[in-house]
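Down below is the structure, laid out as structure tokens.
Everything numeric in this text was worked out from a predicted model, so none of it was measured. Every chain is numbered from 1 and lettered A, B, ... according to where its sequence line falls, protein lines coming before strand lines.
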Amino acid sequence: MAEKIVLIDGHSILNRAFFGIPDLTNSEGLHTNAIYGFLNIMLKILDEEKPEYLTVAFDVHAPTFRHEMYADYKGTRKPMVEELRQQVPVMKEVLQAMGIRIIEKAGLEADDLLGTLSRRCEEAGMEVSVISGDRDLLQLATDHVKIRIPKTKRGGTEIEDYYAADVQEKYGVTPSEFIDMKALMGDASDNIPGVPSIGEKTASKIIAAYHSIENAYEHADELKPPRASKALKEHWDMAVMSKTLATICVDADIEYDISQAKIENIFTQEAYTLFQRLQFKNLLGKFDVTGPANAVEDHFRIIRGREPAEEIFDRASRAGEVGAAIFKDTENVLPLFASQAQAGGVALCFGEEEIFCICAEEDLTAEEILEKLGETAARAGSFSMFRLKEAMSFFTPGNRENCFDGIIAAYLLNPLKSDYTFEDVAREQLSLLVEDKAEDQVKACYEAYTAWKARPLLLEKLQETGMLRLFEEIEMPLVFALFDMEQNGVKVEAAELKEYGDRLAVQIEKLEKEIYEESGEVFNINSPKQLGVILFEKMGLKGGKKTKTGYSTAADVLEKLAPEHPFVAKILEYRQLAKLKSTYADGLAAFIGEDGRIHGKFNQTITATGRISSTEPNLQNIPVRMELGRLIRKVFVPEDGYVFVDADYSQIELRVLAHCSGDRQLIEAYQEEKDIHRITASQVFHTPFDQVTDLQRRNAKAVNFGIVYGISSFGLSQDLSITRKEASQYIEQYFKTYPGIKVFLDNAVAQAKEMGYVTTLFGRRRPVPELSSSNFAQRSFGERVAMNSPIQGTAADIMKIAMIGVERRLKENHMRSRLVLQVHDELLVEAHETEIEEVKKILKDEMEHAASLEVPLEVDMHTGMSWYEAK
DNA sequence: CGTCTCACG
DNA sequence: ACGTACGTGAGACGG
């Protein structure tokens, strides 16, 4: 059987993949979608065809022979968008790593390379497949040269195949006649002019009848549509030129040694490393990874019984470094209570070949195993796990100082991911692939091994990125502070909450009735779609469309209509009440535990900036701005014998900005310790401090906020309901007043552009991949992120330091008071009534001294018998 | 499961 | 001409 070669049109397939696949970026901010798509297409074809040889052709971006001849027509090629351009060299790197032959030659287009190679290979008796997205190449089709055009459709790529006969069938002309057809009809995408007024239909008819433009020209008078006849005679020179442009060269002078195109193993170690960097997870499965992968499978042992288990724990304790994982008992759990599954045992690793799975049995219960685990943690040199905070609901590590959480490390190294798993860490740090199907015990062994093995690597990366101290001194201690806070929970009066909900229900029902009556029909007020139709069609209000699915009924739209239309005001009120009832009254009630407290989760690996997030329920968005909503805070109460002490930072972000920018004016303004917005207004509007009007102050405040968010004239104009021009003037004035701020913000963007990330005062990094986008909106977003993240992130760092300090002091002094909530710039402590003054002192002290800035950190504090009172 | 809306800092 | 204020989470709707 004849040997096979596959020839790929590099740029064309890369281009196809780029536009066919949604944007992907790796953690370095490198766009990868085109490379990913290219590889998928290539692998699919290799799989199908199993060729002996493979070569990828690229254009060299210099004017080529054919370009030069008719520079006017071929000169204006659109520049490639940045996201695609940056992928080209990486694509070549990938191919090289896979040992795939690349061919490119200055002065030749990929088409010509492909044409020449396909001809030569065919002559050498081979079967040739040419892969391209470009139909131009159809002219190369023969009985042994197959042109394959991939189409990215939903649900995979389909490939259209063309031998010479297929071209004939589909287009009614032979492959070589295809050139003549192009010469007549032209091709806008390739800047081939063609003959005016001749399109695809006419060209096809003419060439089918006369086979070449030369022959057609000789019979020009007979040509069917008289218009075409005239055009061809008048524009014969265009036709000739177009034919030259459209003809792919098949005898270019290139050196090509077929033996270099031989396909060896393309899944090389080098390629694996590169794929990892590009984060092509599902392509990694195609590699045959040997080595570390077997460490776990080959060496783990299942330990049953008390004595052997105790021996392992003992050996682990004496080992310097220990990795551990807890696995669930899947056998003795009713499916209904799966979420409350008990531990089935633990896996331990303390050496390359020391991997053990210790299972609970009758003579050794899970409780005992977990207790031993805590003791082992206390005695080991280092103790590594994943999701330590979650694991701590099963056991108590005897020492918090030597603990390591690989998930937290992974988060710091790339805070943009939506989830973090030990499998990802194993793959990224150890090139270790964990089988999805592995049973729980085996998975736990992998997890323990990964915890043990990846720890030094992760620490080294944290060191390299300047985040080791952040990790060791802030994030790891915070794990325990958050754990304690979750365990503490916050007391919520269930009965009062229900009463509040009932009161809302009455009002909601009343409003509902009125709304149905006034609109003349019963509809779902909660459905923006239905509501939009009622308001803007049935009732004919003006205030046009906005969203893709219909009319916008967002509050800011409705608020503009409300003064004129009491009906709209009722909708807004209904919305407000419905939200309070469903999200807060009913929503919170569902989370009250048997101890009368809500134990929400405080998550450490969610936000891109370093803030903590709160879920199940979200306790960081309990209403406060509107009185009716604020009332909910009355049900958050301290235990008998306790009082709430609430402490919040005053304008921490602006103070961070003052410090980080070093702007003398703003720093001095803060050292005055007066109303900062008024000072800003006074300086920006050149008005004496005590003559600043309310409007001026309000505007200055909005600008201050805007600066923190990464100011844009559009955003500010929206916020203040002014024109963009006015907003621009405010911003300009602001920057004139505080020139240091402008320099700081510009620097942040510049640094992000250069390095690809921004940092906080404590070294926390946030990558900003959006800055390399060619899309204006995306890029602008990146700029705002670059301005905002260092500020928001530094404030988050400071609060974390404060929390750790507060927790530490409360514990050190053996106090009964406890931290129950964190709301970004606010801490809520449930203080024992004998400890109130001490708690206040600790809060003030730890919060104000969490960081030493050029401006003082100020804390406002209140006490009360509910969160409502204490705020 | 994506979109819209809205609660917080 | 475009189309955004930064960071979150949850509930409701509707395909």
To the side chain of A/K579, which of B/dA7, C/dT4, C/dT8 is closest? B/dA7
Check whether NZ of the Lys or CZ of the Arg A/R766 lies under 6.0 Å from the centre of the six-membered ring of A/Y757 and within 45 degrees of that ring's axis. no
A/S582 side chain, from C-beta outward: closest of C/dA12, B/dT5, C/dG9: C/dA12
Across the strands shown, which category fits A/A702 at heavy-atom distances under 4.0 angstrom: base, sugar-phosphate, nothing? base
What's the gap between B/dC4 and C/dT4 when it is taken at their P atoms, as a whole Å value? 11 Å
Interatomic distance, A/R625 CZ vs B/dC8 P [rounded to whole Å]: 5 Å
Would you find more than 12 non-hydrogen atoms of other residues, nucleotides or ligands less than 6.0 Å from A/K417 atom NZ? yes
Return the nucleotide paired to C/dC2: Watson-Crick means purine N1 to pyrimidine N3 with N6-O4 or O6-N4, wobble means G-U with N1-O2 and O6-N3, both under 3.5 Å. none
If each of A/T583 and A/G710 is mapped to the nucleotide of DNA chain C with the nearest heavy atom, which maps nearer the 5' terminus, i.e. the 5' end? A/G710
Should the pair A/K389 and A/F483 be classed as cation-pi, given the thresholds of under 6.0 Å to the six-membered ring centre and 45° from the axis? no
Centroid under 5.5 Å and tilt under 30°, A/F781 to C/dT4: no
Check for me whether the distance between the ring centres of A/Y730 and A/Y734 falls short of 6.0 Å. no
Using atom P of each nucleotide, how far apart are C/dA5 and B/dT5 to the nearest Å? 13 Å
When you measure from the side chain of A/S552, which nucleotide among B/dT5, C/dG7, C/dA10 comes out closest? B/dT5
Taken to the nearest whole Å, CZ/A/F705 to P/C/dT4 is 22 Å
Nearest to side-chain heavy atoms of A/Q530, which nucleotide of B/dC6, C/dG14, C/dG3: C/dG14
Pairing partner (Watson-Crick or G-U wobble, both distances under 3.5 angstrom) of B/dC4: C/dG11
Whole-angstrom distance between B/dT3 and C/dG3, as gauged at atom P: 16 Å
Please check this pair: side chain of A/T759 against backbone of A/G763, looking for a donor-acceptor N/O pair closer than 3.5 Å. no
Atom-to-atom span, CG of A/L657 to C1' of C/dC6 - whole angstrom: 13 Å
Residue A/N788, side-chain atoms from C-beta onward, closest of B/dC8, B/dC6, C/dC6: C/dC6
The side chain of A/V785 lies closest to which of these nucleotides: C/dG14, C/dC6, B/dG9? C/dC6
What's the CG-C1' distance between A/L821 and B/dC8, to the nearest Å? 13 Å
Rounded to whole Å, CD1 of A/I598 lies from C1' of C/dG9 at a distance of 15 Å
Select one nucleotide: of C/dG15, B/dG9, B/dC6, the one nearest the side-chain heavy atoms of A/V823. B/dG9
Counting the atoms with a prime plus P, OP1 and OP2 as sugar-phosphate, which does A/R724 contact under 4.0 Å by heavy atoms, base, sugar-phosphate, or nothing? base
Calculate the interatomic distance between A/Y709 atom OH and C/dC6 atom C1'; express it in whole Å. 6 Å
How many whole angstroms separate atom CD of A/Q792 from atom P of B/dC8? 17 Å
State which of C/dC13, B/dT5, C/dT4 makes the closest approach to the side chain of A/N526. C/dC13
Value in whole Å for how far the C1' atom of B/dC4 lies from NZ of A/K548: 11 Å
As a test of reading the structure: which of B/dC6, C/dA10, B/dC4 is closest to the side chain of A/R575, going by heavy atoms? B/dC6
Are the ring centres of A/F471 and A/F762 closer than 6.0 Å? no
Heavy atoms from C-beta onward define the side chain here; which of B/dC8, C/dA10, C/dC2 lies closest to that of A/N621? B/dC8
Within the pair A/T549 and B/dT3, is there a side-chain N or O less than 4.0 Å away from OP1 or OP2? no
